[in-house]
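Structure, as structure tokens:
One-based numbering along the sequence shown.
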Amino acid sequence: MILTDTKERTRFYKFALVGALGAAIDFGVMNLLSHFTSLSLVYAGTISFTCAVFSNFIWNRFWTYPESRSRTLLHQLGMFFLVNTAGVAIRIPTLHYLEPPMLRFFESVFHASHKTAEFYANNVTLAAAVGVVMIWNFFVNRYWTYNDIDITS
């Protein structure tokens with residue numbers, strides 16, 4: 001449906017733009033927390049994810065799916081947050097298990113200092129997690145959270 005229907009394709013592009021803004025918030029908050037505090041990537045990434053979820057919900061509710069109003073704002077936020085919380089179940093193991101080999105990779109292949117390698121490893125790991133979770137989020141949100149609009153609305 002997404003590739004053949006113009007309105008669905010437009011929704012997907014809007015969702016992707018909102019996701020890009022959310023990713024910028026996610027990366028920014030994660031880097032600030034992991035650089036300026038002693039929080040691990042998993043904790044910093046969880047906090048940054050939560051900030052991005054709230055931003056994404058607001059933009060998706062009012063811009064991507066403005067015609068989706070059969071549910072109250074809080075009900076729809078709850079649904080959106082539930083989908084994204086399930087995304088955390090994908091994200092946290094990705095961050096936890098992918099970051100150590102990425103760190104070793106950047107230290108050994110590029111002979112980078114631990115701090116530099118950690119910066120690259122954290123960001124590459126987060127990018128991988130964001131990509132996987134974005135696909136999950138779009139389809140589940142489109143067909144559950146925002147299922148109150150017609151495919152061609």
Side-chain angles (χ1 to χ4, degrees), residues 1-5 8-65 68 71-110 114 116-149 151:
M1 286 282 194
I2 293 171
L3 297 176
T4 59
D5 184 81
E8 281 301 301
R9 199 170 38 248
T10 300
R11 285 185 186 119
F12 178 76
Y13 293 143
K14 285 181 173 182
F15 191 91
L17 284 171
V18 168
L21 173 62
I25 291 168
D26 198 355
F27 277 80
V29 171
M30 182 279 297
N31 277 293
L32 286 172
L33 291 174
S34 64
H35 184 73
F36 293 110
T37 72
S38 60
L39 286 177
S40 72
L41 177 61
V42 170
Y43 291 120
T46 301
I47 293 167
S48 67
F49 181 80
T50 303
C51 294
V53 166
F54 281 111
S55 172
N56 288 358
F57 173 74
I58 291 165
W59 282 103
N60 280 315
R61 167 121 173 148
F62 294 104
W63 186 53
T64 308
Y65 300 104
S68 177
R71 296 178 184 97
T72 66
L73 182 114
L74 287 177
H75 182 195
Q76 203 167 45
L77 173 62
M79 293 174 76
F80 190 83
F81 204 83
L82 196 63
V83 170
N84 284 277
T85 299
V88 169
I90 299 166
R91 179 186 172 109
I92 289 176
T94 303
L95 296 176
H96 181 76
Y97 292 109
L98 188 58
E99 192 261 345
M102 286 279 101
L103 180 59
R104 287 190 299 274
F105 172 78
F106 284 109
E107 284 178 331
S108 65
V109 172
F110 296 105
H114 180 75
T116 300
E118 183 177 54
F119 173 80
Y120 287 118
N122 285 356
N123 283 280
V124 168
T125 302
L126 185 58
V130 165
V132 171
V133 173
M134 182 214 163
I135 293 166
W136 157 265
N137 284 347
F138 175 76
F139 285 104
V140 177
N141 276 308
R142 175 59 187 103
Y143 295 107
W144 186 55
T145 309
Y146 301 109
N147 71 353
D148 59 338
I149 56 175
I151 296 295

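- V140 has its side chain out of reach of T145: every pair of non-hydrogen atoms, C-beta onward, lies at least 4.5 Å apart.
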**Study point:** Intermediate values then yes/no, salt bridge (charged side-chain N to carboxylate O under 4.0 Å, His left out), R11 and E8
**Key:** CA-CA 5 Å; R11 285 185 186 119; E8 281 301 301; 2.3 Å; yes
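- Counting only heavy atoms from C-beta outward, the side chains of W144 and L82 approach each other to under 4.5 Å.
- Taking the side chain as every heavy atom from C-beta outward, Y120 and M102 never approach each other to under 4.5 Å.
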Practice item. I would like to know whether F12 and F138 meet ring-ring contact (aromatic ring centres under 6.0 Å, His included); could you show each step before the answer? Key: CA-CA 8 Å; F12 178 76; F138 175 76; 4.9 Å; yes
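- A donor-acceptor pair under 3.5 Å is formed between the side chain of T50 and the backbone N or O of T46.
- The side-chain heavy atoms of L41 and S34, taken from C-beta on, include no pair separated by under 4.5 Å.
- Partners of R71 by side-chain hydrogen bond (donor to acceptor under 3.5 Å, both in side chains), not counting sequence neighbours, listed by chain and number: N147.
- In this structure, W136 and G87 approach most closely via the heavy-atom pair NE1-N, 3.7 Å.
- Partners of N137 under the side chain to side chain contact (heavy atoms under 4.5 Å, CB included) rule, at least two apart in sequence or in another chain, are F15, V83, N84, V133, N141.
- Considering only heavy atoms from C-beta on, K14 stays 4.5 Å or farther from Y65 through its side chain.
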Review point. Side chain to side chain contact (heavy atoms under 4.5 Å, CB included) between T116 and E107: does it pass, once the steps are laid out?
Key: CA-CA 8 Å; T116 300; E107 284 178 331; over 6 Å; no
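- Closest of all the heavy-atom pairs between V53 and F80 is O-CE2, 3.5 Å.
- Residues I47 and L39 form a side-chain contact, since some pair of their non-hydrogen atoms from C-beta on lies under 4.5 Å apart.
- Residue L95 comes nearest to P100 through the heavy atom pair O-CD, 4.5 Å, listed as atom of the first residue, atom of the second, then distance.
- Taking CG from L77 and CG from N60, the interatomic distance works out to 12.0 Å, rounded to the nearest 0.5 Å.
- Under the salt bridge (Lys or Arg N to Asp or Glu O under 4.0 Å) criterion, E118 pairs with K115, not counting sequence neighbours.
- Among all heavy-atom pairs drawn from V88 and P93, the shortest one is O-CD, 4.0 Å.
- Ring orientation note: the planes of F110 and F106 are close to parallel, at an angle under 30° on the 30°/60° scale.
- Rounded to the nearest 0.5 angstrom, I90 CD1 and T85 OG1 are separated by 11.5 Å.
- A 4.5 Å side-chain heavy-atom check between W59 and T64 finds every atom pair outside the cut-off.
- A distance of 7.0 Å separates CG in N56 from CG in L21, rounded to the nearest 0.5 Å.
- Contact record, G45 with R91: O-NH2, 2.9 Å, taken as the closest heavy-atom pair.
- Of all non-hydrogen atoms in E99 and T125, the two that sit nearest each other are CA-OG1, 3.4 Å.
- Side-chain atoms of L17 and W63, non-hydrogen and from C-beta on, do get closer than 4.5 Å to each other.
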